[in-house]
Structure formats: structure tokens, C-alpha cells
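Have a look at the structure below before the remarks.
Residue indices begin at 1 and follow the sequence shown. This one's a predicted model, so the numbers in the text were calculated from it and none came from an experiment.
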Amino acid sequence: MTSDTAPRAQHGEAVGRPPSWQRRLRRFGYAGRPHTDVRDRLVPPYAEPDVRLFTVLGFGSATADRLARWSGWIGPLVVALFAGLLRFWRLDSPNQVIFDETYYPKDAWSLLHHGFETNWPEKSDERILQGDIPMLDTPAYVVHPPVGKWVIAIGEHFFGLNPFGWRFMVALLGTLSVLMVCRIGRRLLRSTFLGCLAGVLLAVDGLHFVMSRTALLDLVLMFFILAAFGCLLVDRDKARARLAAALPVGADGLARPDAGVAGRLALGPRPWRIAAGVCLGLACGTKWNGLYVLAAFGLMTVLWDLGSRRVAGARRPYRTVARRDLPWAFLSTVPVALGVYLMSWTGWFVNSGTYQKGIGWQGSGYFRHWAESPKPGGGGFSDDGPLAGLINPLISFWHYEHEVYKFHVGLHDDHIYQSNPWSWLIQSRPVSYFYESPRPGVDGCPADARDKCAREVLALGTPLLWWAACFALVYLLFRWAMRRDWRAGAILCGVAAGYLPWFLYQERTIFSFYAVVFVPFLCLAVAMMIGALLGPPGATEGRRALGAVASGTLVLLILWNFIYFFPLYTGQAIPVDDWRGRIWLDSWV
């Protein structure tokens with residue numbers, strides 16, 4: 001035996017040969033497990049489209065076959081249309097500045113006209129609603145990066161500084177996120193039905209619905225995080241497909257693991273992973289908690305590479321990933337995200353303004369010239385030298401970021417609607433964005449009402465969906481820990497990245513609507529749990545029927561729950577007794 005063939009014999013299973021004990025047992029009639037195609041293990045096929053639905057709807061066989069093949073897009077688009085109709089319905093109601101809309105729409109308008117955030121005079125909210133825009137030109141101290149506000153500014157550019165204008169882009173991203181969840185669920189679970197189910201669940205989640213109709217930053221952050229997750233999923237499939245295509249094929253037509261291919265094949269820079277880096281940079285440029293997601297998703301994609309190399313037959317998968325995949329994974333995410341984050345501050349950097357003696361710098365962002373300002377209150381750095389125009393803005397920017405960090409970690413002001421992250425999953429303390437008690441005949445309150453009505457916009461997740469998600473997370477933990485199901489691990493990673501970091505800041509002033517960041521992953525978790533309830537393809541008819549009844553009942557109850565709370569999500573005037581009937585917990589008030 002030559003030196004070249006000895007290692008291959010020692011690792012016969014890795015190159016497609018059965019172990020020696022199996023070969024000896026074949027003399028006694030042992031057949032062993034049938035050979036499996038490694039290509040199917042690397043990239044599992046999608047479930048075959050079912051034409052029966054389209055046949056029942058009256059389409060001919062040829063048309064039904066075509067529609068079934070297109071169902072991977074038809075289904076998600078229909079679900080997204082449903083979500084969009086809900087989110088854009090009376091988007092300008094209530095015609096008020098609700099909750100933190102007092103900050104971000106005005107910041108967005110300042111960015112649109114100055115390139116940096118500016119101050120606004122007192123009672124500017126009332127004047128804006130009357131068509132008067134009293135914007136000042138002095139720089140404002142803001143504590144969130146500009147990406148989310150630039151997104152809001154797009155809607156204001158087309159529709160003006162009014163409730164519809166500043167909510168337009170958030171509603172659009174909320175609708176698109178439902179479409180993405182459908183497609184992500186389809187790719188993750190290899191089922192168009194389960195993917196569309198996850199999208200439907202997201203469409204009828206109250207927290208996602210309310211956040212899609214309010215000009216806050218958190219839904220924008222959620223959109224970019226979800227987009228990054230989707231890009232990494234596509235990258236995973238494409239990288240594994242390249243590995244599968246390079247593997248040798250045996251006489252039976254099945255691909256076999258090969259240590260040489262798995263250890264040497266260099267996948268290089270991968271466009272979809274770079275796209276994920278861009279999305280994560282935009283997430284960090286919306287809110288800083290995107291940094292935790294960047295770290296979690298970076299680790300997740302490297303672990304996916306490790307699994308791919310191992311399945312393909314790599315003898316030392318850790319060393320192979322460290323040499324072949326890890327450097328490109330880092331370069332595709334961290335530097336890309338950092339570059340995108342810095343570019344998002346372009347307006348702050350380029351608007352240097354002018355210096356007026358006795359007044360100071362005018363027409364520039366807050367702290368833009370801190371490095372050049374004389375002490376105290378400034379850095380006291382000289383603005384002389386050929387690189388001063390580059391170095392001083394970076395020093396000022398670093399100081400600004402440091403001040404913002406101190407603000408965030410030191411925010412301990414009491415708020416009536418603050419909550420501890422332990423309570424978020426059961427939605428025990430939602431946030432009321434808007435409340436008023438109109439008299440009969442006013443603001444939609446029926447003229448024949450016996451008492452005042454109640455109008456409220458309550459950022460409350462659909463309770464039955466969230467409570468079902470608690471059970472789904474337990475099931476996914478079991479699947480991940482005991483069955484090594486990577487799909488469960490991926491969903492749990494999305495939940496953990498958006499949820500667990502808040503436990504580090506339990507003394508800080510935080511709110512339950514921050515949980516909108518991981519709502520899509522909760523919906524994917526419930527969809528995966530429902531897929532298990534439905535039963536595997538080989539289950540008996542009785543088992544499938546029982547699973548269908550249980551799953552259908554759960555979904556219908558969630559839909560009913562959303563409809564029941566719909567008036568509290570949209571600020572509709574309802575009798576006070578009806579409002580009280582919807583306040584299931586005392587902590588919701």
C-alpha cells in the first residue's frame with residue numbers, strides 16, 4: 001500500500017467506502033444503510049409543489065403545474081399584499097405625534113434639509129400638524145445613528161412632514177419584512193407552506209403591526225437584521241452547492257465525501273455574505289444594538305462553514321475553516337459593516353460649516369469641530385497640518401460616539417412604561433403610544449354612546465402568538481440540543497442576538513417594544529413547531545389529521561386574537577367597557 005492510499009484507507013468512510021466492520025458483516029448478509037447522496041445533505045431539496053390546490057380552484061392541469069412551480073413567489077407575494085393592506089390602511093390615523101415620533105420625524109426632516117440633526121423650538125409638534133415647520137439651524141445632540149432617520153426622511157421627501165409622510169417608509173419596510181419572512185421560512189424549512197405561514201403570523205402580530213405604523217427606529221433595525229439573516233441563508237446554500245458540485249460521484253450516481261475536495265476547495269469572497277455585511281452595517285447605523293447581532297451572525301456563519309466542510313468529508317474541519325473560510329468571513333462582515341456605518345455619517349462629516357468670531361461654528365453637526373475647539377469643552381487640538389482636515393473630524397467623531405455611549409449606559413430615568421426583559425416574551429408590560437377619551441359623537445365615538453369612548457394605540461404583541469412562541473422556543477431548544485437541527489439553532493440565534501443582550505442592562509430604562517427586533521424569528525419558531533405538529537411526510541393519515549386539526553386551531557385562534565385587539569392597535573374609538581374587556585392584565589394599563 002502506497003503512502004498516498006494509506007490515509008484514504010484509514011478514513012474510508014470519509015471518501016465513500018464503508019468501514020471495515022461493515023464490509024466483514026456483508027459476508028453474513030448485512031446490507032447496511034443505503035448510500036445517501038452527500039449533495040442532498042449539503043443542500044436539501046425543496047418539497048415538491050402540490051398542484052391540488054390550483055386544480056381545486058378550477059385551473060387546468062398545465063396552468064396548475066405552472067402556478068405550483070411559481071408558488072414559491074406567488075404565496076409570499078399574496079401574504080405580503082395582505083400585510084401591506086393592513087399596514088397602509090388609514091396610516092395617518094391617529095393624526096397626532098405619538099410617543100417617540102416627537103423625535104425621529106423631526107430629525108429626519110433636519111437630515112433631509114441640512115445633512116445633520118438640528119434643534120426645534122417648543123410646541124413644534126402642534127405647529128407641524130398645522131402645516132407650519134419651525135425648524136432651527138442649530139445642531140442638536142442626538143443619541144442614535146442616522147440610518148433609520150434617513151429611511152424615514154425618504155417618505156417625508158415624497159409626502160411631506162405629516163403623519164402619513166413620516167410613517168410611509170416604516171410601513172413599507174414592515175410589509176417587505178413579511179415578504180422576506182415568507183421567503184426565509186421557505187428556504188430555511190424547505191416548505192413554501194411553512195414559509196408563508198411564518199409570514200402570516202408576522203403579518204398579524206400586534207407589536208410588528210403597530211411598529212410598522214409608527215415612525216420609530218426599531219422596525220427599521222429589525223428590517224436590516226432580517227435582511228442580513230436572509231442573505232446569510234442564501235450564502236449558506238450557494239457555498240454548500242459549490243462544495244457539493246465539486247465532490248466525486250460514484251458508479252451509482254451518488255456523490256461521496258472527499259477529504260481532498262473538502263479540505264482544499266477555496267470559496268473565496270462570497271457576494272451574499274458581503275451583502276449581509278452591508279445590511280448589518282445599516283443595522284448598526286440605525287441603532288447600536290446591531291453590534292450584538294453582527295457578532296452573533298458572524299459566529300453563526302462560521303459554524304455553518306464548519307458543518308459544510310465536515311459533511312463534505314474534511315478530516316480537520318476546524319483547521320480547514322480557519323484557513324479557507326474564516327478570513328473571508330471576517331472581511332465580508334466586520335470591515336464592510338464598519339465602512340457602511342461610517343458612510344452613514346457622511347452628512348455629519350461633509351457639513352463642516354463656517355466659523356464666525358465670537359459665535360463659533362455654524363452650519364455643522366453637533367461636536368463636528370470638538371477637536372479644534374479650545375479647552376475647556378473641546379479637544380484643544382490644532383487644526384494646522386496637511387492631515388488636519390481628516391484627523392480632526394475623526395477625533396471629533398470618536399468623542400461624539402464616546403459621549404453617546406455614556407448616555408446609553410447611564411440612562412436610568414424612570415418611565416411609566418419601562419419593563420424588564422424577563423417579561424417581554426409574555427408581553428406583560430406593553431407600551432401605550434397614544435390614548436384619548438373622546439366624547440360621544442367626537443373622533444369616531446358613536447353619538448348614542450352612554451359614556452366616553454377610548455382610543456388607544458398599544459404596542460402589544462398578539463398575546464396568543466407570543467405565548468405559543470414560548471412553547472416553540474422550548475421545542476427548538478430540544479431540536480437544537482438533542483437533534484443537532486441547524487434550523488432550530490439558526491432561529492434561536494436570531495432570537496438570542498436581539499433579546500439576550502438586554503439582560504446586561506436590566507437597570508437601564510428599556511421598553512418591551514425593543515422586542516420587535518426578534519419578532520420575525522419568533523414567527524419562524526412557531527411555524528417550525530406547527531410543521532412538527534403536522535407530522536412528518538411518512539406519518540399515518542390519523543396522525544396527519546390530528547396534527548392538522550391542532551395546527552389549524554392554533555392558527556385560527558391567533559388570527560382571532562389579532563382581530564379582537566385590532567381596535568387597540570389602530571386607535572379606533574370603542575366604548576370604554578369594550579376597551580376594559582381587552583385589558584387582560586392589570587399591567588397593560
Pairs flagged by side-chain hydrogen bond (donor to acceptor under 3.5 Å, both in side chains) wherever residues 549-565 is involved - sequence neighbours left out: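 Every pair satisfying side-chain hydrogen bond (donor to acceptor under 3.5 Å, both in side chains) with a residue in residues 549-565: there are none.
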
Only pairs at least two apart or in different chains count here, so list each side-chain hydrogen bond (donor to acceptor under 3.5 Å, both in side chains) that has a residue in residues 463-479.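 As it turns out, the side-chain hydrogen bond (donor to acceptor under 3.5 Å, both in side chains) pairs with a partner in residues 463-479, which skip direct neighbours, are Asp205-Trp466, Arg479-Asp485.
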
Suppose the criterion is salt bridge (charged side-chain N to carboxylate O under 4.0 Å, His left out): which pairs have a residue in residues 211-234, not counting sequence neighbours?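 Non-adjacent pairs meeting salt bridge (charged side-chain N to carboxylate O under 4.0 Å, His left out): Asp218-Lys287.
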
So which pairs with a foot in residues 556-581 pass salt bridge (charged side-chain N to carboxylate O under 4.0 Å, His left out), sequence neighbours left out?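 Qualifying pairs, neighbours excluded: Asp577-Arg580.
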
Step through the shown structure and confirm whether more than 12 heavy atoms of other residues, nucleotides or ligands are within 6.0 Å of [atom1] on [X].
{"X": "Phe158", "atom1": "CZ", "value": "no"}
{"X": "Glu541", "atom1": "CD", "value": "no"}
{"X": "Trp288", "atom1": "CH2", "value": "yes"}
{"X": "Arg90", "atom1": "CZ", "value": "no"}
{"X": "Tyr103", "atom1": "OH", "value": "no"}

Rounded to the nearest 0.5 Å, how far does [atom2] of [Y] lie from [atom1] of [X]?
{"X": "Ile530", "Y": "Leu189", "atom1": "CD1", "atom2": "CG", "result": "11.0 Å"}
{"X": "Trp272", "Y": "Leu232", "atom1": "CH2", "atom2": "CG", "result": "11.0 Å"}
{"X": "Arg87", "Y": "Phe168", "atom1": "CZ", "atom2": "CZ", "result": "14.5 Å"}

Is there a side-chain contact between [X] and [Y], using heavy atoms and a 4.5 Å cut-off?
{"X": "Val457", "Y": "Phe99", "value": "no"}
{"X": "Phe562", "Y": "Phe209", "value": "yes"}
{"X": "Tyr435", "Y": "Leu458", "value": "no"}
{"X": "Phe193", "Y": "Leu534", "value": "yes"}
{"X": "His415", "Y": "Phe511", "value": "yes"}
{"X": "Val97", "Y": "Phe434", "value": "no"}

Report the C-alpha distance between Leu282 and Val340 in whole Å, list the side-chain angles of each, state the deciding distance to 0.1 Å, and finish with yes or no for side-chain contact (heavy atoms from CB on, under 4.5 Å). CA-CA 7 Å; Leu282 293 172; Val340 170; 3.7 Å; yes

Tell me every residue that passes ring-ring contact (aromatic ring centres under 6.0 Å, His included) with Trp150, counting only those two or more places apart in sequence or in another chain.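 For Trp150, no residue satisfies ring-ring contact (aromatic ring centres under 6.0 Å, His included) once neighbours in sequence are set aside.
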
Using the ring of Tyr46 (Phe, Tyr or Trp, six-membered ring only), decide whether Arg186 places NZ or CZ under 6.0 Å from its centre and within 45 degrees of its axis.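 Judged by the rule (NZ or CZ under 6.0 Å from the ring centre, within 45° of its axis), Arg186 counts as positioned above Tyr46.
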
So, Trp584 versus Phe565, ring centres under 6.0 angstrom or not?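 Trp584 vs Phe565: aromatic centres under 6.0 Å.
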
Do NZ/NE/NH1/NH2 and the carboxylate oxygens of Asp305 and Arg236 come within less than 4.0 Å?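 Arg236 and Asp305: not salt-bridged.
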
Would Arg167 and Glu101 pass as an ion pair if we require N to O under 4.0 Å?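 Answer for the salt bridge query: yes.
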
Let's go through Trp502 and Trp424 carefully: what are the C-alpha distance in whole Å and the side-chain angles of both, what is the deciding distance for side-chain contact (heavy atoms from CB on, under 4.5 Å) to 0.1 Å, and is it a yes or a no? CA-CA 11 Å; Trp502 290 111; Trp424 290 0; 3.5 Å; yes

Between His208 and Thr462, do the side chains contain an N or O donor and an N or O acceptor separated by less than 3.5 Å?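 Not at all, the side chains of His208 and Thr462 share no donor-acceptor pair under 3.5 Å.
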
Using the test side chain to side chain contact (heavy atoms under 4.5 Å, CB included), find all partners of Ala539 that sit at least two apart in sequence or belong to another chain.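 Scan of Ala539 (side chain to side chain contact (heavy atoms under 4.5 Å, CB included), adjacent residues dropped) gives Pro536, Arg543, Arg544.
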
Please lay out, stage by stage, how Ser308 and Arg240 fare under the test side-chain hydrogen bond (donor to acceptor under 3.5 Å, both in side chains). CA-CA 6 Å; Ser308 303; Arg240 291 167 77 94; 2.8 Å; yes

